[in-house]
Amino acid sequence: MNYEAVLALVRRYVFLYTRSKIRLVELIFWPIVDLMVWGYLTVYLQQQGTGGLPRFITFLIGAMILWDVLFRAQQGVALSFLEDVWTRNVINVFVAPVRTVEYVVATYLVGCLRIALTFSVLSLLALTMYEFSIFSLGIALAPFFANLLLFGWALGMISTALIVRWGPAAESLAWAVPFIIQPFAAVFYPVDVLPPLLQVLARWLPCTHIFEGMRSVLAGHPMPLDNLLWAIGLNASWLAIAGWTFVHMLKVARLRGFLNKFVVA
Amino acid sequence: MSVSSIIVSCAPRTLQKLPNITVMNDPVLEVRSLTKRFGSFIAVDSLNFELYPGEILGLLGVNGAGKTTAMSMVLGLITPDSGSIRAFGMDMPARRTQILRRINFCSAYTALPSNLLVWQNLDVFAGLYGVRNKKQRISELLEMFEITSLKNMLTGHLSSGETARVNFCKALLNQPDVLLMDEPTASLDPDIADKVRRIIRQVQQERGMAVLYTSHNMRDVEAVCDRVIFMHKGRILYQGTPTEVAERNSERSLEQLFIRVARSGDVECIPSVTDKDKKETS
Ligand SMILES: Nc1ncnc2c1ncn2[C@@H]1O[C@H](COP(=O)(O)OP(=O)(O)OP(=O)(O)O)[C@@H](O)[C@H]1O
Ligand SMILES: [Mg+2]
């Protein structure tokens with residue numbers, strides 16, 4: 001792997017985000033809005049529930065922050081490619097001596113940078129506004145976080161593959177991908193709430209096991225190893241499928257001459 | 001005397017040297033029976049040509065003749081249906097990255113990210129091409145194209161001619177052995193277009209860089225190209241030096257020939273000229 005090329009691709013985003021303050025705002029604006037809506041909703045529910053729902057606040061805010069990790073990871077990857085499409089730069093990048101794997105690794109790293117920023121801001125705000133510390137997840141936080149990153153990347157690669165294949169028209173799909181799975185992913189409610197058929201679907205998503213695990217830990221149980229193992233196993237499969245899809249769609253795009261089409265997009 | 005005729009007469013010609021070059025050196029680019037279909041439409045049809053070190057080869061042809069498609073196949077952006085591309089003795093796309101390290105590309109129709117400063121864009125691409133002494137190389141190029149003053153400008157704020165010059169800087173960053181240019185001078189004013197041609201000539205002569213060049217400006221082509229390939233419907237219609245091609249077809253200039261070909265849609269494509277035929281003609 002040519003690390004210099006990877007670094008050059010990452011540097012581009014560092015330039016972009018340090019030069020354009022509005023981009024930085026975009027990174028934290030929606031997460032903060034989400035945090036406030038979910039946070040105050042749970043505060044309200046707690047007040048109404050005569051203390052019977054003490055874990056609500058931790059469940060919902062925890063879920064919201066972790067969901068954002070997944071979402072940002074997906075966006076980090078998909079947006080890196082879209083940025084090239086928007087700026088008519090796709091051709092320049094694809095005629096440069098950059099391997100697909102280097103391009104993908106760079107988008108992952110960009111995803112990490114974005115997440116590092118949003119996650120720090122959200123954890124800090126959750127602590128000051130609702131006295132909720134995401135770190136109350138303890139040691140479980142690390143594997144949860146890592147698995148959500150991996151799944152986010154897999155979804156990001158699938159989104160990028162859609163854009164490579166169907167062009168900028170698929171852009172809105174790329175935004176929608178995480179929300180298509182959100183209802184089944186048991187983010188804000190336990191998987192048992194879902195009808196049996198959807199439960200089956202839900203268990204094929206690595207993030208379902210993470211959110212189930214998160215609720216279990218926040219309820220004071222030890223870290224559920226089976227959830228974690230399921231998540232890791234499923235993530236490995238999802239990443240393999242996503243990688244294959246991406247490479248395959250690139251191949252199709254080269255065969256049908258789509259990469260040139262980005263010029264006029 | 002018109003400006004263009006001054007350009008034509010002043011442009012350094014290496015035409016006379018060309019046969020020597022072809023004898024002495026292996027081609028840097030060898031395209032054999034290259035074919036590309038989009039559905040039932042044949043965009044490039046059994047294309048054969050080679051590009052020698054230090055040669056500027058023009059790809060001409062009416063809109064839709066297949067020039068960009070052919071170039072994109074050389075760059076690995078489009079996968080051919082059949083045929084082969086060898087660059088520096090290596091197969092494309094099997095050795096894609098090794099080949100691309102020694103090639104570069106620019107076109108009036110692509111852009112560098114508009115939301116970065118000029119120097120930032122060049123810095124990123126210098127990294128992608130593994131350029132040593134990035135800073136120095138970037139300054140040299142900016143100076144060469146007389147855009148040092150634009151270094152700290154937002155790329156998206158540049159005029160189209162300025163953008164084109166930044167694209168040229170990007171295209172020369174890695175000191176390519178082969179430069180592919182798809183209508184690079186489309187947005188340049190005559191003065192800058194002339195300067196750019198001189199720079200391309202200069203780099204070509206100093207470093208033996210080979211250039212594959214498309215343009216719809218026939219005077220441009222006559223001024224700059226050692227040899228031209230006239231494409232029509234994906235195939236080679238004529239090839240030779242610009243004067244040869246025009247004279248052989250009883251036209252005063254390439255432009256006259258171009259117009260004739262464009263207006264007689266039923267021109268029968270001659271089969272691609274093989275190496276053997278070419279040696280005979282030269
Ligand atoms: N991805 C594609 N799918 C379908 N047809 C395509 C595709 N790309 C190019 N073509 C067709 O192939 C033909 C050759 O296109 P190409 O872009 O190579 O022409 P060109 O010689 O570069 O023309 P111009 O001078 O207008 O740039 C055109 O008729 C075009 O419509
Ligand atoms: Mg073209």
Side-chain angles (χ1 to χ4, degrees), chain A residues 1-23 26 79-103 106 110 164 248-265, chain B residues 36-39 43-44 68-69 71-81 93 95-117 119-132 134 154-156 163 167 170-171 173-174 176 180 182:
Chain A
M1 181 136 65
N2 176 1
Y3 295 100
E4 205 180 340
V6 174
L7 272 182
L9 288 170
V10 173
R11 201 159 55 242
R12 171 173 168 203
Y13 291 91
V14 176
F15 283 149
L16 186 61
Y17 282 97
T18 48
R19 218 197 51 71
S20 165
K21 302 291 173 287
I22 197 78
R23 289 303 186 96
E26 168 237 299
L79 281 183
S80 297
F81 183 73
L82 273 176
E83 196 83 49
D84 282 329
V85 173
W86 292 331
T87 56
R88 300 195 300 157
N89 190 39
V90 174
I91 290 190
N92 285 324
V93 172
F94 277 82
V95 302
V98 181
R99 289 187 188 84
T100 308
V101 59
E102 289 155 3
Y103 189 81
V110 172
V164 167
H248 178 73
M249 290 304 188
L250 258 184
K251 213 161 136 186
V252 172
R254 284 199 165 102
L255 265 174
R256 305 209 189 160
F258 293 151
L259 290 181
N260 295 49
K261 287 257 167 83
F262 289 120
V263 178
V264 281
Chain B
K36 184 69 201 175
R37 287 187 187 78
F38 295 114
V44 173
T68 301
T69 307
M71 226 178 227
S72 302
M73 286 193 276
V74 171
L75 287 163
L77 285 172
I78 294 182
T79 311
D81 290 334
R95 306 280 297 278
R96 184 178 158 270
T97 24
Q98 284 99 319
I99 292 174
L100 290 181
R101 243 183 268 286
R102 298 175 61 184
I103 290 188
N104 214 318
F105 168 75
C106 74
S107 160
Y109 303 109
T110 61
L112 295 172
S114 53
N115 45 19
L116 292 190
L117 305 179
W119 76 264
Q120 291 177 328
N121 267 324
L122 293 176
D123 180 273
V124 168
F125 278 92
L128 291 183
Y129 282 94
V131 175
R132 304 282 145 238
K134 279 194 294 188
L154 205 53
T155 310
T163 307
N167 285 345
K170 174 249 153 188
L173 270 173
N174 60 331
L180 291 97
D182 197 6

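Since this is a predicted model, take the numbers as computed values, not measurements. Proteins get letters first, then strands, A, B, ... in listed order; numbering begins at 1 in each.
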Are the side chains of [X] and [Y] in touch, meaning some heavy atoms are under 4.5 Å apart?
| X | Y | result |
| --- | --- | --- |
| A/Leu255 | B/Phe38 | no |
| B/Leu116 | A/Leu16 | yes |
| B/Thr97 | A/Val98 | no |

Contacts table for residues 2-10 of chain A: side-chain donor-acceptor under 3.5 angstrom, sequence neighbours left out:
residue : atom : partner : partner atom : Å
A/Asn2  : OD1  : A/Glu4  : N            : 3.1
A/Asn2  : OD1  : A/Ala5  : N            : 3.3

Best-contacting candidate, [options], against chain A by heavy atom pairs under 4.5 angstrom:
| options | value |
| --- | --- |
| B/Thr69, B/Asn121, B/Asp123 | B/Asp123 |
| B/Thr68, B/Val124, B/Asn167, B/Leu128 | B/Leu128 |
| B/Met73, B/Arg96, B/Gln120, B/Lys170 | B/Gln120 |
| B/Pro113, B/Gly127, B/Ala43 | B/Pro113 |
| B/Arg101, B/Arg37, B/Gln98 | B/Arg101 |

Which atoms of B/Leu154 approach chain A - backbone, side chain, both or neither, heavy atom under 4.5 Å: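 Just the side chain, heavy atoms under 4.5 Å.
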Interface moiety of B/Val74 toward chain A, non-hydrogen atoms closer than 4.5 Å: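 Contact with chain A: none, neither part.
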Donor-acceptor contact below 3.5 Å, side chain A/Asn92 vs main chain B/Ala111: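 Here the side-chain-to-backbone pair exists.
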Separation of A/Ile91 CD1 from B/Ser107 OG (nearest 0.5 Å):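 Between atom OG of B/Ser107 and atom CD1 of A/Ile91 there are 7.0 Å.
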B/Ile78 side, atom CD1; A/Arg256 side, atom CZ - distance, nearest 0.5 Å: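 Here the rounded value is 13.0 Å.
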Option that, when pairs with chain B are counted at under 4.5 Å, heavy atom only, ranks first among A/Arg11, A/Lys251, A/Glu83: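 Sorted descending by pairs with chain B, the first entry is A/Arg11.
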Closest approach of A/Ala96 to B/Tyr129 (non-hydrogen atoms, all atoms of both residues):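 Taking every non-hydrogen atom into account, CA-OH, 3.5 Å.
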Nearest non-hydrogen partners of B/Leu100 and A/Phe94, listed with the distance: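 Looking at all heavy atoms of both residues, the closest pair is CD1-O, 4.0 Å.
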Engaged part of A/Arg12 at the chain B interface, taking heavy atoms whose separation is under 4.5 Å: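 Interface part for A/Arg12: both.
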Set of ring pair (Phe, Tyr, Trp, His ring centres under 6.0 Å) partners for A/Phe15, sequence neighbours left out: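 B/Trp119.
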